Chemist: 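Please see the structure below; I have some questions.
Throughout, numbering of the chain's residues begins at 1 and tracks the sequence. Computed from a prediction, not measured in an experiment: that's the story for all the values here.
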Amino acid sequence: MASVAAARAIPVGSGLRGLQRTLPLVVILGATGTGKSTLALQLGQRLGGEIVSADSMQPQEMGTEKVIDRKVELEKEDGLVLHKRLSQVDPEMAAKLHPHDKRKVARSLQVFEETGISHSEFLHRQHTEEGGGPLGGPLKFSNPCILWLHADQADERLDKRVDDMLAAGLLEELRDFHRRYNQKKVSEDSQDYQHGIFQSIGFKEFHEYLITEGKCTLETSNQLLKKGIEALKQVTKRYARKQNRWVKNRFLSRPGPIVPPVYGLEVSDVSKWEESVLEPALEIVQSFIQGRKPTATPIKMSYNETENKRSYHMCDLCDRIIIGDREWAAHIKSKSHLNQLKKRRRLDSDAVNTIESQSISPDHDKEPKQKGSPGQNDQELKCSI
């Protein structure tokens, strides 16, 4: 998700003894394939900063023995059972989480088990600390400089990224990793694509190809390879959109006193990298280093202060739980919900028509026979009353 260039504290000047300025922590945000690593390396080389990768899916050396995380163990249990358990120890957090969101439910249970404090109380304490706010506790770094690399119409760029990865030896890496760490698990039907490095993009998409390679015809193998490549391209695009939504929701749609400004850099046209990305990034970072305001304007997004991101909604019509005001507004306008609404109205209408038809006698629409004169009938009516 992000590459980070971190710097160190240096004296402001020789005439000001003991006074130090902290160089900025430069955070480079961006979806996959936007050039985060490239920009981090260029800034680090130009400015002498230290580069730290903050990619949660960066491959690491795996040991033969797995250290089992409690959260992973919890996620193996039934989601509804986990959610019910959470509602007993932390009803506030349970009301904010969807029962099917096993990861977050398990995480909240893990916090309670390991600390003895409910997750909601834990977060509340962070938010109310001095310097805390809507994103959490006080900032650990006092001078953050956040750069967001974003691209419009990035599908073509992402397809090319996948092609470049394949040309650079992605399949060979996957084969090697599969042989060393996953082949035995597949034979035991115990492979897990939901945790650790195996949940990263690439393993699931080429699963069929890897387990059948050398065991089927060349034509079938090529078809599975083509299927895996297409799946990888599609999931990469979905992942990029999800990452951009995360940046917008986390930083741009939740302003507050501790939320630092975010400077956007357009990376759609790679041929204009120097003028559109590198040079503006250098100017922004150097402004932070020198203690002055950048000439660039931070990105701002409209937001609704009353919007509740974790509100709970139950759609009886669709038998679904919806978390969040924005998500609820989108759901009631969705095709699936509107289709269910049409079905319900049609059923209700049919039921009403059936009841009405049953309550009407066969001769109901016929004129009653007149007996005697109108006056006589009126008199009889009055008498009956």
Chemist: If Ile, Leu, Val, Met, Phe, Trp and Tyr residues are connected whenever their side-chain heavy atoms lie under 4.5 Å apart, and connections chain through other members, are L74 and V81 in the same group?
Modeler: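 In one cluster: no.
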
Chemist: I'd like to know if K226 pairs up with E230 as an ion pair, taking the criterion as any Lys NZ or Arg NE/NH1/NH2 lying under 4.0 Å from an Asp or Glu carboxylate oxygen.
Modeler: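 Here K226 does not pair with E230 in a salt bridge, since their nearest N and O are not under 4.0 Å apart.
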
Chemist: Who are the side-chain hydrogen bond (donor to acceptor under 3.5 Å, both in side chains) partners of E213, not counting sequence neighbours?
Modeler: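 By the side-chain hydrogen bond (donor to acceptor under 3.5 Å, both in side chains) rule, E213 matches R175, Y209.
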
Chemist: Only counting residues at least two apart or in another chain, list the ones meeting side-chain contact (heavy atoms from CB on, under 4.5 Å) with H313.
Modeler: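 For H313, the residues satisfying side-chain contact (heavy atoms from CB on, under 4.5 Å) (neighbours in sequence not counted) are S311, I322, D325, W328.
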
Chemist: How would you list, by chain and number, every residue that makes a salt bridge (Lys or Arg N to Asp or Glu O under 4.0 Å) with R346, sequence neighbours excluded?
Modeler: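 With sequence neighbours excluded, R346 shows a salt bridge (Lys or Arg N to Asp or Glu O under 4.0 Å) to no residue whatsoever.
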
Chemist: Between K237 and D159, is a side chain to side chain contact (heavy atoms under 4.5 Å, CB included) present by the stated rule, with each step listed?
Modeler: CA-CA 8 Å; K237 294 168 189 174; D159 283 344; 3.0 Å; yes

Chemist: For residues 269-282, which residue pairs qualify under side chain to side chain donor-acceptor pair (under 3.5 Å), counting only residues two or more places apart or in two chains?
Modeler: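 Listed once each, the pairs are Q42-W273, D269-S271.
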
Chemist: Looking only at non-hydrogen atoms, find the nearest pair between L265 and L39 and report the distance.
Modeler: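 Heavy atoms only, the tightest pair is CD1-CD2, 4.2 Å.
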
Chemist: Under 6.0 Å between ring centres, would you say that holds for F203 and F177?
Modeler: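 Yes - the distance between ring centres of F203 and F177 falls below the 6.0 Å cut-off.
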
Chemist: Quick test of your reading of the model: are D163 and K160 salt-bridged, counting only N-O distances below 4.0 Å?
Modeler: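 Looking at K160 together with D163, the answer is no, because their closest N to O distance does not fall below 4.0 Å.
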
Chemist: Can you list everything that forms a side-chain contact (heavy atoms from CB on, under 4.5 Å) with Y263? Sequence neighbours excluded, please.
Modeler: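 Result, side-chain contact (heavy atoms from CB on, under 4.5 Å) vs Y263: L147, P261, I284, F288, P294, A296, P298.
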
Chemist: Please assess V111 against I117 for the test side chain to side chain contact (heavy atoms under 4.5 Å, CB included), listing each intermediate value before the final yes or no.
Modeler: CA-CA 7 Å; V111 170; I117 303 172; 5.9 Å; no

Chemist: Roughly how far, to the nearest 0.5 Å, is the CG atom of L232 from the CZ atom of R161?
Modeler: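 R161 CZ to L232 CG: 10.0 Å, rounded to 0.5 Å.
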
Chemist: Between Q340 and S336, do the side chains contain a donor N or O and an acceptor N or O under 3.5 Å apart?
Modeler: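 Per modelled atom types, S336 and Q340 side chains form no pair under 3.5 Å.
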
Chemist: Will you find, in the side chains of T217 and T220, an N or O donor that is under 3.5 Å from an N or O acceptor?
Modeler: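 Judged by distance alone, the side chains do pair up.
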
Chemist: Taking only residues two or more places apart in sequence or in another chain, which ones pass ring pair (Phe, Tyr, Trp, His ring centres under 6.0 Å) with H178?
Modeler: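 Counting only residues at least two positions away or on another chain, H178 forms no ring pair (Phe, Tyr, Trp, His ring centres under 6.0 Å).
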
Chemist: Determine, step by step, whether I28 and L149 satisfy the side chain to side chain contact (heavy atoms under 4.5 Å, CB included) criterion, reporting the C-alpha distance in whole Å, the side-chain angles of both residues, the deciding distance to 0.1 Å, and the verdict.
Modeler: CA-CA 7 Å; I28 304 176; L149 307 188; 4.0 Å; yes

Chemist: Should side-chain heavy atoms under 4.5 Å link Ile, Leu, Val, Met, Phe, Trp and Tyr, which residues sit in the same cluster as L218?
Modeler: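 Besides L218, the hydrophobic cluster comprises nothing; the residue is isolated.
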
Chemist: So do the side chains of H150 and T34 get within less than 4.5 Å of each other, counting heavy atoms only?
Modeler: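 They are not in side-chain contact.
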
Chemist: Please check: side-chain N/O of D101 versus main-chain N/O of L97, any donor-acceptor pairing under 3.5 Å?
Modeler: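 Not a single qualifying donor-acceptor pair exists.
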
Chemist: Apply side-chain hydrogen bond (donor to acceptor under 3.5 Å, both in side chains) to K102 and list each qualifying residue two or more places apart in sequence or on a separate chain.
Modeler: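 Partners of K102 by the side-chain hydrogen bond (donor to acceptor under 3.5 Å, both in side chains) criterion come out as none, since no residue qualifies.
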
Chemist: Counting only heavy atoms not in R345 (residues, nucleotides, ligands), do more than 12 fall under 6.0 Å from its CZ?
Modeler: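 No, the 6.0 Å shell around CZ holds no more than 12 heavy atoms from other groups.
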
Chemist: Does D319 have more than 12 heavy atoms from other residues, nucleotides or ligands lying within 6.0 Å of its CG?
Modeler: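 Open.
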
Chemist: What residues, two or more places apart in sequence or in another chain, satisfy salt bridge (Lys or Arg N to Asp or Glu O under 4.0 Å) together with E208?
Modeler: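 E208 satisfies salt bridge (Lys or Arg N to Asp or Glu O under 4.0 Å) with K227 once adjacent residues are dropped.
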
Chemist: Taking only residues two or more places apart in sequence, or in another chain, which ones meet R241 in a salt bridge (Lys or Arg N to Asp or Glu O under 4.0 Å)?
Modeler: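 Here no residue qualifies.
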
Chemist: Go through the structure and list residues passing salt bridge (Lys or Arg N to Asp or Glu O under 4.0 Å) with E121, not counting sequence neighbours.
Modeler: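 With neighbours one apart ignored, the set is R125.
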
Chemist: Does one hydrophobic cluster hold both L158 and V270, with members joined at side-chain heavy-atom distances below 4.5 Å?
Modeler: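 In one cluster with L158: V270, no.
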
Chemist: State, without any angle test, whether Q286 and Q290 hold a side-chain donor-acceptor pair at a distance under 3.5 Å.
Modeler: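 No, Q290 and Q286 have no side-chain donor paired with an acceptor closer than 3.5 Å.
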
Chemist: Using only heavy-atom distances, determine whether the side chains of Q88 and R85 contain a donor-acceptor pair under 3.5 Å.
Modeler: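 Short answer, no.
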
Chemist: Holding to ring pair (Phe, Tyr, Trp, His ring centres under 6.0 Å), I want the full list of residues that pass it with H83, two or more places apart in sequence or in another chain.
Modeler: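 Result, ring pair (Phe, Tyr, Trp, His ring centres under 6.0 Å) vs H83: none returned.
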
